[in-house]
There are 2 protein chains.
Amino acid sequence: MPQPIQAVEFTPEHGETPQCESHCPVHLNQIRQLQPEMLPLERAQQMAEFFGALADPTRLRLLSVLATQELCVCDLATALKMSESAVSHQLRVLRSQRLVKYRKEGRNVHYSLADSHVINLYREATEHLDEAD
Amino acid sequence: MPQPIQAVEFTPEHGETPQCESHCPVHLNQIRQLQPEMLPLERAQQMAEFFGALADPTRLRLLSVLATQELCVCDLATALKMSESAVSHQLRVLRSQRLVKYRKEGRNVHYSLADSHVINLYREATEHLDEAD
DNA sequence: TCTATACTTGAATAACTATTCATATATTTG
DNA sequence: CAAATATATGAATAGTTATTCAAGTATAGA
């Protein structure tokens, strides 16, 4: 896994006493060596929020139609048969994770996909799901 | 976006009346044409569940240490400084989405990453997050 | 077979999240 | 400026989820 980590908060005072007995394959020293590989909590939280933005059917449907063209909120609401308010709330989540970008034009706000990562993540997930469930 | 969709439940009876006025860029006919591009609800839910499995700091940390080596539950618990029960519950979520696989050996259960999609998704997310926040 | 260990699981609780409803802001048009 | 439209937002509610605790299963060894 990438992200070989910077700050690790591994304190020898508490917690790392292994519950495993001696026959367990990995022991204290090795677990200590695992720490540098482990995603630091803060980064893990940031990343979880990002994946969280993708973890909702409504938001995924919004992204799927935005993949075809730029659309304003009321068109998105119409296409998904949802209230504009609900769509707007979800677009805010997508914006907060920079999954979509927007462009104001008069009273309309046109949304579109932010970058290619969105498509790539979508594709990876699709491939994974299509492999023998 | 991939996944050009199979069944679309677009019924002309209700919902698709456009809230947008005539100056809105996309009209009813075009919105109707959007439907085939839209992720069907069932697939969207399936995909949301998958991303949901990645949307938790604990599970991402588990994956990050499993990326370095196969590990048993008690070692994972020790490394993350969490109860074995909590870790086991989270591993169940990862298993349910086939993000990890496991191997029983005596009383230990050794977990490892399921396939390369995990790494790819991790990398895409990392790259996205590292771009100008 | 009895005990200990590794892991799993169900129920309960606390924290989080999606939608609705009401309201607010901004822009266009009369 | 007033009215209408497009979007955004705050509060409330209902549904979801992560962790804990207690109990359960399975395997190994005495």
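Order of the sequence lines fixes the chain letters, A, B, ..., with proteins taken first and strands second; residue numbering starts at 1 for each chain. The analysis underlying the following values was restricted to heavy atoms, covering all of them including side chains, and did not include hydrogens, waters or symmetry mates.
- Taking the side chain to side chain contact (heavy atoms under 4.5 Å, CB included) definition, one finds that B:E42 meets it with nothing, sequence neighbours left out.
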Quick tally for nucleotides 19-30 of chain D: nucleotides whose base has a protein heavy atom under 4.0 Å get B, sugar-phosphate-only ones S, the rest -, giving BBBB----BS--

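- Look at A:N108 and you'll find a side-chain N or O under 4.0 angstrom from OP1 or OP2 of D:dT7.
- Put simply, NE2 on A:H110 is 14 Å from P on C:dT27, counting in whole angstrom units.
- Atoms CD (B:E49) and C1' (D:dT16) sit 11 Å apart, rounded to a whole Å.
- Here D:dA18 presents its P atom at 10 Å from CG of B:L94, a figure rounded to the nearest Å.
- Between A:R43 and B:D130 a salt bridge is recorded (basic side-chain N to carboxylate O distance below 4.0 Å).
- For the side chain to side chain contact (heavy atoms under 4.5 Å, CB included) test, residues two or more places apart in sequence or in another chain that qualify with B:Q45 are A:P57, B:L41.
- C:dT19 atom P lies 11 Å from atom CZ of A:R61, rounded to whole Å.
- A side-chain contact (heavy atoms from CB on, under 4.5 Å) with B:L34 is found for exactly one of A:T78, A:T68, A:L66, namely A:T68.
- Atom CZ of A:R92 is separated from atom C1' of D:dA11 by 12 Å (rounded to the nearest Å).
- The interatomic distance linking A:L91 (CG) with C:dA18 (P) rounds to 13 Å, in whole Å.
- Side-chain contact between B:N108 and B:D75: absent, with no pair of heavy atoms (C-beta onward) separated by less than 4.5 Å.
- Atom CG of B:L76 and atom C1' of C:dC7 are 12 Å apart (whole Å).
- Between B:Y111 and the phosphate of C:dT8, there is a side-chain N or O to OP1/OP2 separation shorter than 4.0 Å.
- The shortest side-chain heavy-atom distance between B:V87 and B:Y111 does not fall under the 4.5 Å cut-off.
- The nearest whole Å value for the distance from the CZ atom in A:F51 to the C1' atom in C:dT17 is 19 Å.
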